[in-house]
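Start at 1 and go down the list; that is how both ligands and their atoms are numbered.
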Amino acid sequence: MDARTLKIKAAAEALTYVKNGMRLGIGTGSTAEEFVRLLAEKVAAGLDVIGVPTSERTAALCQELGVRLTTLEETPVLDLTIDGADEIGPELALIKGGGGALLREKIVAAASAQMVVIADESKNVEVLGKFPLPIEVNRFGLAATKIAIEKAAAALDLSGSLTLRMTGGEAFVTDGGHLILDASFGRIPDTRALSNALHAIPGVVEHGLFLGLARVAILAGADGIRTRTQP
Ligand SMILES: O=C(CO)[C@H](O)[C@H](O)COP(=O)(O)O
């Protein structure tokens with residue numbers, strides 16, 4: 001089964017969580033986009049939902065396909081967020097931000113009563129960190145922020161390159177106007193300690209560790225769908 005088929009299967013299963021009248025958070029990335037396509041079919045068939053997109057890219061796709069959108073200003077409390085992930089670890093701790101939308105994704109997930117993650121089985125890992133951790137930083141003081149992150153990581157026995165994300169020869173800029181440093185730590189055994197340490201650095205806007213946010217992960221593999229839950 002190819003990767004796209006697995007993403008579609010996970011997205012289709014996530015649709016069973018969507019009920020009429022729900023206020024949705026709508027994720028970013030190729031798996032979330034499959035969800036948007038399936039959601040749009042249901043909307044065309046009469047499902048009444050409204051969504052907050054987690055990126056300009058997702059907003060554009062929703063508009064194109066006729067999924068009604070709102071903002072967190074108008075609709076600050078959401079019923080359900082459906083989003084992809086780069087890694088899914090123990091207790092449904094996640095690494096997100098491969099698509100650069102981590103800040104809005106985390107704000108939207110935190111505003112939702114429930115977060116359901118959709119992915120193929122390859123994203124399920126025993127220890128987070130093989131996928132480089134995206135860290136969204138303010139442009140101001142980039143070099144100083146980078147040193148502060150390196151020091152904080154070293155204090156937790158973490159090391160590895162911190163790479164400024166680039167696109168088309170230019171620094172990648174998030175929807176919020178910030179930059180991203182991708183941290184290749186390899187393994188992050190204590191995700192909570194790293195999360196706290198990163199949040200204590202003034203130039204760090206947000207990081208891609210999503211802890212205690214996801215309650216359900218829908219994993220599509222060659223043998224079918226598996227659902228992991230976290231009370
Ligand atoms: O966090 C994300 C975007 O910021 C995505 O959810 C994550 O990168 C997974 O993307 P994909 O479904 O394309 O593998």
Donor + acceptor pair across side chains of D83, T81 (<3.5 Å):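 Distance-only check fails for D83 and T81.
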- request: Could you list the residues that satisfy side-chain hydrogen bond (donor to acceptor under 3.5 Å, both in side chains) with D48, not counting sequence neighbours?
  value: R68
query: Can you tell me if NZ on K123 sees more than 12 non-hydrogen neighbours from other groups inside 6.0 Å?
result: yes
message: Atom CD of residue position E91 - does it have more than 12 heavy atoms of other residues, nucleotides or ligands inside 6.0 Å?
response: no
query: Do K106 and K96 have side chains that get closer than 4.5 Å, going by heavy atoms?
result: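 No, their side chains stay 4.5 Å or more apart.
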task: Tell me the residues surrounding ligand 1, counting only those with a heavy atom closer than 4.0 angstrom, sorted by chain and number.
output: T28, G29, S30, T31, D83, G84, A85, D86, K96, G97, G98, G99, G100, A101, E105, K123
Shortest non-hydrogen contact between I180 and F172, atoms and distance: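 Residues I180 and F172, closest heavy atoms: CD1-CE2, 3.9 Å.
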